[in-house]
Novice: 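Got a structure for you, written out below as structure tokens; questions coming shortly.
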2 protein chains.
Amino acid sequence: MAYLDVGTVDQGVAASHNGARLCTPGKASFSEFGGKGSRHQTHSVIFFEGDPVKRLYELVSGSVMLYKLLPDGRRQVVEMLRPGDIFGLAGGEEYDCTAETLTDSEVHEIDLRQVERSDDLQRTLTKCLTNQMRVLHEHAVLLGRKSAIERVASFLMHLVPNRGGVVCTGPREDGEDSYDLKLHMTRQEIADYLGLTIETVSRVVSDLKRRGVIRVDKADKIHLNRVCGLCQMTGMH
Amino acid sequence: MAYLDVGTVDQGVAASHNGARLCTPGKASFSEFGGKGSRHQTHSVIFFEGDPVKRLYELVSGSVMLYKLLPDGRRQVVEMLRPGDIFGLAGGEEYDCTAETLTDSEVHEIDLRQVERSDDLQRTLTKCLTNQMRVLHEHAVLLGRKSAIERVASFLMHLVPNRGGVVCTGPREDGEDSYDLKLHMTRQEIADYLGLTIETVSRVVSDLKRRGVIRVDKADKIHLNRVCGLCQMTGMH
DNA sequence: CGAAACCTTGACTTAGGTCAACAAAAGTGG
DNA sequence: CCACTTTTGTTGACCTAAGTCAAGGTTTCG
């Protein structure tokens with residue numbers, strides 16, 4: 001089985017929820033409204049927290065993280081975006097967080113005045129925002145109430161198509177219950193997303209390995225031996 | 001000075017940010033689109049997580065919290081709503097969290113089909129959601145990276161008009177830097193909002209009292225002696 | 001090949017959780 | 001209005017999950 005790119009994994013909560021993706025990657029959602037595309041290489045900042053808001057972005061391919069910093073340097077990654085997600089809407093005049101690519105990414109830029117004008121765009125926007133809000137709610141539970149193991153298990157499960165959401169479809173028909181994934185994130189980025197330290201993430205991963213739940217082929221290439229077993233460790237079952 | 005009701009406090013982050021509130025309480029935002037109003041008394045559930053989504057709600061007066069539960073009973077309050085906020089949009093077919101009033105509240109209900117139809121409603125919705133998303137981002141930083149004292153300090157600062165946001169306007173012209181507030185929340189609700197235990201919240205409050213930063217008149221009536229001093233403890237300055 | 005970045009592991013510390021006792025309010029019914 | 005129960009909040013003693021600090025191993029890149 002080939003390692004699947006995180007950026008290409010379909011795993012919208014909506015999809016596992018009602019079968020209908022709201023912000024469908026692949027299928028054009030914003031491109032049909034015009035605007036221009038642009039490419040950004042790995043680890044480049046698309047905009048900084050505090051920059052004046054000029055346009056709206058849609059992630060077309062690759063992956064982007066949004067994070068906020070405290071003055072003493074503590075960082076919290078607040079969203080991990082995947083193709084089809086929109087970002088850059090802050091409600092105010094400045095971006096409320098920094099947007100940085102995790103992999104080479106393609107984004108679609110739409111002028112804010114255009115967003116203001118188009119009814120169709122507003123409609124698509126509402127759906128995307130609603131979706132992202134549900135993800136933020138779930139992440140608040142993770143940050144506020146889950147243990148380190150539960151956080152890491154939840155994080156890994158989110159990368160498995162149709163298994164990260166509220167509804168888990170269970171192992172595949174053929175009984176196959178393993179999965180390969182590539183992270184595209186450093187331990188520090190994972191730690192900042194999960195509200196942990198780099199050492200704790202490393203220790204938990206080693207622990208899962210020792211318990212036989214996962215196999216670590218390379219730091220960012222992880223094979224899940226028993227997806228269901230991992231699912232049981234998310235605190236949600 | 002009279003104790004100010006949390007529900008009536010204007011403290012939108014947008015307000016302290018650019019002076020223009022997006023979901024203005026008082027000023028009608030959804031009522032003009034029709035729909036019906038309804039009243040709910042203290043601690044009543046408006047909808048449960050998992051209930052089928054039928055309509056959208058706008059909080060007109062009072063205060064409502066949205067929370068999620070883990071199967072073992074752990075709870076995380078994901079949003080504290082104030083007048084003008086909308087809730088009940090889950091993106092799927094079921095609500096992703098439970099909505100419960102903290103005080104007697106008045107809500108405005110709008111049928112989902114109507115939301116789907118109206119362009120104006122979609123426009124208002126986008127603005128509200130964007131706003132709520134920024135609040136969720138900030139809350140993720142609190143849950144993921146702040147200490148117990150910083151969480152409680154941030155929580156209290158959010159209840160002070162124009163002082164809870166990114167931009168703090170500083171003490172008033174006349175140098176007066178104290179403020180009275182009423183919480184309308186039990187220690188358990190505060191703990192579940194801040195990702196702490198009831199005991200830790202209690203201890204931190206006692207500590208702030210000992211340090212002379214606040215005065216606790218009744219469990220839910222707190223006088224801030226030095227708002228600026230408290231602001232310094234939020235981890236944001 | 002060597003430097004820099006990244007990851008892992010161990011030893012130790014600590015912030016915040018748990019458990020338990022008690023105090024203070026807030027209902028409730030006579 | 002007063003006993004009495006129930007709910008809510010406070011405090012102390014103790015424990016533990018996760019953080020900090022430090023050393024060493026691996027991978028990546030120029």
Side-chain angles (χ1 to χ4, degrees), chain A residues 3 41-43 70 72-77 100 102-104 142-156 182-211 214-222 233 235, chain B residues 41-43 70 72-77 100 102-103 142-156 182-211 214-222 233 235:
Chain A
Y3 278 103
Q41 57 187 172
T42 304
H43 285 114
L70 288 176
D72 63 0
R74 280 174 287 177
R75 181 173 77 159
Q76 179 63 47
V77 173
E100 189 178 319
L102 287 170
T103 61
D104 288 359
L142 180 146
L143 293 175
R145 294 301 181 203
K146 290 191 181 179
S147 69
I149 309 108
E150 289 171 334
R151 291 181 202 206
V152 174
S154 302
F155 169 71
L156 293 174
K182 186 138 200 288
L183 300 180
H184 288 306
M185 292 171 77
T186 65
R187 292 287 185 269
Q188 186 64 66
E189 284 156 357
I190 298 172
D192 287 347
Y193 181 50
L194 302 180
L196 299 171
T197 58
I198 206 175
E199 293 96 333
T200 299
V201 171
S202 190
R203 269 185 260 268
V204 169
V205 168
S206 298
D207 190 46
L208 291 175
K209 194 166 61 180
R210 222 170 295 120
R211 296 209 233 168
I214 65 174
R215 187 184 70 223
V216 182
D217 296 336
K218 254 177 84 247
D220 63 343
K221 278 182 171 180
I222 291 179
M233 308 173 90
Chain B
Q41 59 188 172
T42 304
H43 285 116
L70 287 177
D72 63 0
R74 280 174 287 178
R75 181 173 76 159
Q76 178 65 46
V77 174
E100 189 177 319
L102 287 171
T103 61
L142 180 146
L143 294 173
R145 293 301 181 202
K146 290 191 182 180
S147 69
I149 310 108
E150 289 170 335
R151 292 182 200 206
V152 173
S154 302
F155 170 70
L156 293 174
K182 185 139 200 288
L183 300 181
H184 289 305
M185 293 171 80
T186 65
R187 292 288 185 268
Q188 186 63 67
E189 286 156 354
I190 297 171
D192 287 346
Y193 181 50
L194 302 180
L196 299 171
T197 58
I198 205 175
E199 293 95 333
T200 299
V201 172
S202 191
R203 268 186 260 270
V204 169
V205 168
S206 297
D207 189 46
L208 290 174
K209 194 166 61 182
R210 222 169 295 121
R211 297 210 232 167
I214 65 172
R215 187 183 70 221
V216 181
D217 296 337
K218 254 179 83 249
D220 65 342
K221 279 181 173 180
I222 292 178
M233 308 174 89

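Within every chain, numbering begins at 1; the chains are lettered A, B, ... in the order of the sequence lines, protein sequences first and strands thereafter. The figures here come from the full heavy-atom set of this structure, side chains too, leaving out hydrogens, waters and symmetry mates.
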Novice: Using atom CG of A:D72 as one end and atom C1' of D:dG19 as the other, report the distance to the nearest whole Å.
Specialist: 15 Å
Novice: Once you apply a heavy-atom cut-off of 4.0 Å, does B:L196 come out as touching a base, just sugar-phosphate, or nothing?
Specialist: sugar-phosphate
Novice: Could you state the CG-P distance from A:L183 to C:dC6, rounded to the nearest angstrom?
Specialist: 15 Å
Novice: Nearest whole Å is fine: how far is D:dG9 P from B:M185 CE?
Specialist: 11 Å
Novice: Regarding B:R211 and B:D207, does a basic nitrogen lie under 4.0 Å from an acidic carboxylate oxygen?
Specialist: yes
Novice: So, the side chain of B:E150 versus the backbone of B:M233: is there a donor-acceptor pair under 3.5 Å, distance only?
Specialist: no
Novice: D:dG9 base to B:R203 side chain: any donor-acceptor pair below 3.5 Å?
Specialist: no
Novice: Among C:dG17, D:dG9, C:dC7, which nucleotide sits nearest the side chain of B:R187?
Specialist: D:dG9
Novice: Looking at every strand, decide which applies to A:S206 at a 4.0 Å heavy-atom threshold: base, sugar-phosphate, or nothing.
Specialist: sugar-phosphate
Novice: Give B:T186 one of three labels, base, sugar-phosphate or nothing, depending on what nucleic acid heavy atoms sit under 4.0 Å from its own.
Specialist: sugar-phosphate
Novice: Using whole Å, report how far NE2 of B:H184 lies from P of D:dT8.
Specialist: 16 Å
Novice: Rounded off to whole Å, could you give me the CD-to-P distance for the B:Q188 and D:dT10 pair?
Specialist: 13 Å
Novice: Could you state the atom-to-atom distance from CD1 of A:I222 to C1' of C:dC7 in whole Å?
Specialist: 12 Å
Novice: With no hydrogens and no angle check, is any side-chain donor or acceptor of B:R145 less than 3.5 Å from a backbone partner on A:R74?
Specialist: no
Novice: Grab the two heavy atoms, one from B:S154 and one from B:L142, that are nearest each other, plus how far apart they are.
Specialist: CB-CD1, 3.8 Å
Novice: How long is the line joining NZ of A:K221 and C1' of D:dT27, in whole Å?
Specialist: 13 Å
Novice: Indicate whether OP1 or OP2 belonging to C:dG17 is found under 4.0 Å from a side-chain N or O atom of B:T200.
Specialist: yes
Novice: Between C:dC6 atom C1' and A:I198 atom CD1, what is the distance in whole Å?
Specialist: 7 Å
Novice: Going by modelled atom types, is there a donor-acceptor pair between the base of C:dC19 and the side chain of B:E199 at under 3.5 Å?
Specialist: yes
Novice: A:T197 side chain N/O closer than 4.0 Å to the phosphate oxygens (OP1, OP2) of D:dA18?
Specialist: no
Novice: Kindly say whether A:L183 contributes a backbone atom to a donor-acceptor pair with the side chain of A:D220 at under 3.5 angstrom?
Specialist: no
Novice: Do the side chain of A:R210 and the base of C:dT8 come within less than 3.5 angstrom through a donor-acceptor pair of N or O atoms?
Specialist: no
